[in-house]
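The chains referred to below are lettered A, B, ... by the order of the sequence lines, with proteins before strands, and numbering in each begins at 1.
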Amino acid sequence: MSREKRHWLMKSEPSVFSIEDLRRSPQQSAGWDGVRNYQARNFMKSMAVGDEVLYYHSNADPSGIAGLAEVVKTAYPDPTQFDSKNGHYDAKATKGKPIWFQVDVRFVKAFPELLSLEDLRGLPALKNMALFKYSRLSIQPVTKAERDIILKTAG
DNA sequence: GCCAACGTTGGC
DNA sequence: GCCAACGTTGGC
């Protein structure tokens, strides 16, 4: 009972956690913690193991898609919401009623060269990408067609 | 570092 | 339920 693999774009500031940080992590995987936006959280909750993730470096020089990852664990409570010493602490969350969730992702590959935001804007087939319309949304779905163009262009 | 866009909070 | 104030994201 498996569904078609879905494609997502997930943003991370490379100065905080880059695709190379993910590559160097144990089992080359890590929990995607710190998401504090309901729409982004809901997208994470709909992810399945095996879904593909376009790893986007935001607030970078330049920003753009750095490579690929995959979902290896479906959504579970983000532990940082319970930790009062953590910057992502949320006093309204309890273990019984968690508010924020994360998935685990594993490194798949880094592109030979980053596909910059400028590159992406230059591809007519991508003109309707959520990335441009909802530019502040840190997790968003990507269509199969968009994903195929991106992988082909990235080489 | 600036600031536009936009999500969240809280007073009323 | 409105909306002003405030906080965050993220490109530049």
For this session: Measure from NE2 on H88(A) to C1' on dT9(C) and round the result to the nearest Å.
Result: 13 Å
Exercise. Q39(A) side chain to L137(A) main-chain N or O, any donor-acceptor pair under 3.5 Å?
Worked result: no
For this session: Rounded to the nearest angstrom, tell me the gap between atom NE2 in H57(A) and atom C1' in dG10(C).
Result: 14 Å
Exercise. Any luck finding a side-chain donor-acceptor pair between T80(A) and R36(A) under 3.5 Å?
Worked result: yes
Problem set entry | Whole-Å gap separating P (dG10(C)) and CE (M129(A)) | 14 Å
Exercise. In whole Å, what is the span from the CG atom of L9(A) to the C1' atom of dG10(C)?
Worked result: 13 Å
Exercise. When you check the gap from the basic side-chain N to the acidic O, do E20(A) and R23(A) get nearer than 4.0 Å?
Worked result: yes
For this session: Take atom CG of L120(A) and atom P of dG10(C), then tell me their distance rounded to the nearest Å.
Result: 15 Å
For this session: Give a yes/no on whether any side-chain N or O of S63(A) is located under 4.0 angstrom from OP1 or OP2 of dG11(C).
Result: yes
Problem set entry | Gap between atoms CZ and C1', on R41(A) and dT8(C) respectively (whole Å) | 18 Å
Exercise. Under 4.0 Å between a Lys/Arg side-chain N and an Asp/Glu carboxylate O for D78(A) and R41(A)?
Worked result: no
Exercise. If you look at every strand shown and take non-hydrogen atoms under 4.0 Å, does Y56(A) touch a base, only sugar-phosphate, or nothing?
Worked result: sugar-phosphate
Exercise. According to a strict under-4.0 Å criterion, is K92(A) in side-chain N/O contact with OP1 or OP2 of dT8(B)?
Worked result: no
Seminar exercise, completed: Per nearest nucleotide of DNA chain B, the residue lying toward the 5' end, N59(A) or K133(A), is N59(A)
For this session: Measure up the Y38(A) and W100(A) rings against each other and bin them: parallel (under 30°), tilted (30 to 60°), perpendicular (over 60°).
Result: tilted
Exercise. Quick one: E13(A) CD to dT9(C) P, roughly how many Å, whole number?
Worked result: 8 Å
For this session: Give a yes/no answer on whether the side chain of K11(A) brings an N or O atom under 4.0 Å of OP1 or OP2 in dG10(C).
Result: yes
Exercise. Is a donor-acceptor contact shorter than 3.5 angstrom present between the side chain of R36(A) and the base of dT8(C)?
Worked result: no
Exercise. Among the nucleotides dG10(C), dT8(B), dT8(C), which one has an atom lying closest to any side-chain atom of Y38(A)?
Worked result: dT8(B)
Seminar exercise, completed: Heavy-atom nearest nucleotide on DNA chain C taken for R121(A) and for G34(A); more 5' hit belongs to G34(A)
Exercise. In whole angstrom, what separates I139(A)'s CD1 from dT8(C)'s P?
Worked result: 18 Å
